[in-house]
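Below is one structure; the comments refer to it alone.
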Number of protein chains: 2
Amino acid sequence: MIENEIFRALADPTRRALFEKLAAGRMNASALRQGMSISQPAISQHLSVLRQARLVREERQGRVVNYEIDPDGLALIAGWLERYRAYWPARVNALSDLLKDMEP
Amino acid sequence: MIENEIFRALADPTRRALFEKLAAGRMNASALRQGMSISQPAISQHLSVLRQARLVREERQGRVVNYEIDPDGLALIAGWLERYRAYWPARVNALSDLLKDMEP
DNA sequence: CCAACACATAAGCACAGACTTATGTGTTGG
DNA sequence: CCAACACATAAGTCTGTGCTTATGTGTTGG
């Protein structure tokens, strides 16, 4: 169940910080580590968890591995949210109507 | 930081199951426990975590406590999602444009 | 009133997970 | 080639957390 991995991945503040850093654009592991006062293996482990949750994807280029946000994870969260559409605040709720119209 | 409590709360499958049960409508703790093969204190503890994350709210009626989904938590998740709007899949992305138009 | 009820809190246990240091694996410039 | 680099994996530690049983608190019908 991928939902479990997604929410578990986002439950850790360090991983959310890494994810947010990647929102600025594609980056390698060393660049992600800058200013984080955490060991290199810890970064590697966190990135592995994010990758398994489909929140992040990697692209190896020589001896560097570039990471970037994976839209799949975000889409899965959006899908989860939509299940509780009936309880969204009114302003957000209208979005779901549009989503339904856009289904193929 | 409420985000941390929200994602931590949703990281547990039992809590997500309780949340999903509440999507069917307002319910008290005993009703939520039905078919869950878990102790009563465990339910109470989970509901406390969900409440602190603003995913659930309670309303005491006599000696019964009715729980229901709190839209605030869902709105906070939607707000977090919107921060990564640039990476949403195209179909979902259009929703954000509408959201922007609806801002007061 | 008070016994039964509905739920919360306390205390303790066992396992998960976030970190560390040490080491392994693959890549590249000189 | 091989040393330096970029990252992954291994192994161990320590804290957090999800569960249990036991007990506490507030409410209500008879």
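All chains are named by letter (A, B, ...) in the order of the sequence lines, taking the proteins before the strands, and each is independently numbered beginning at 1.
The nearest whole Å value for the distance from the CD atom in E59(A) to the P atom in dA6(D) is 18 Å. In this structure, R33(A) atom CZ and dC7(D) atom P are separated by 10 Å, rounded to whole Å. In this structure, N28(A) atom CG and dC5(D) atom C1' are separated by 12 Å, rounded to whole Å. The nearest whole Å value for the distance from the CZ atom in R60(B) to the C1' atom in dT28(D) is 13 Å. Across the protein-nucleic acid pair, E58(B) atom CD and dC7(C) atom C1' stand 10 Å apart, rounded to whole Å. Q52(B) places its CD atom 11 Å from the P atom of dT17(D), with the value rounded to the nearest Å. Rounding to whole angstrom units, CZ of residue R63(A) and P of dA8(D) are separated by 15 Å. If you measure from atom CG of L18(A) to atom P of dC7(D), you get 13 Å, rounded to the nearest angstrom.
Nearest heavy atoms, Q61(B) versus N66(B): OE1-ND2, 3.1 Å. Summarising the geometry of R57(A) relative to I69(A), their closest heavy-atom pair is NE-O, 4.1 Å, with the distance given to 0.1 Å. Taking both residues in full, the closest heavy atoms of I38(A) and R33(A) are given as O-NE, 2.9 Å, listed atom of the first, atom of the second, then distance.
Dashed line: the shortest gap from a side-chain N or O of Y67(A) to OP1 or OP2 of dA6(D) is not under 4.0 Å.
With dC7(C), dA6(D), dC7(D) as the candidates, the nucleotide lying closest to the side chain of S30(B) is dC7(C).
D70(A) has its side chain out of reach of L55(A): every pair of non-hydrogen atoms, C-beta onward, lies at least 4.5 Å apart.
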In B/S/- notation (B base, S sugar-phosphate only, - none; protein heavy atoms under 4.0 Å), nucleotides 14-24 of chain C written 5' to 3' is ---SSBBBB--
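Under a hydrophobic-cluster definition in which Ile, Leu, Val, Met, Phe, Trp and Tyr are linked whenever side-chain heavy atoms come within less than 4.5 Å, directly or via other members, L22(A) and V64(A) are assigned to different clusters. Cluster membership check: I2(A) shares its hydrophobic cluster with V56(A), using side-chain heavy-atom separations under 4.5 Å among Ile, Leu, Val, Met, Phe, Trp and Tyr. Transitive grouping of hydrophobic side chains (ILVMFWY, heavy atoms separated by less than 4.5 Å) brings I77(A) and Y87(B) into a common cluster.
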Check the pair N4(B), R16(A) against side-chain hydrogen bond (donor to acceptor under 3.5 Å, both in side chains), reporting the backbone distance first and the verdict last.
CA-CA 9 Å; N4(B) 200 52; R16(A) 286 201 308 278; 3.0 Å; yes
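Secondary structure note: stems in DNA chain D built from 3 or more consecutive Watson-Crick or G-U wobble pairs under 3.5 Å occupy C:1-30 with D:1-30.
The aromatic rings of Y84(B) and F19(A) stand perpendicular to each other, their planes meeting at an angle above 60°, with 30° marking the opposite boundary.
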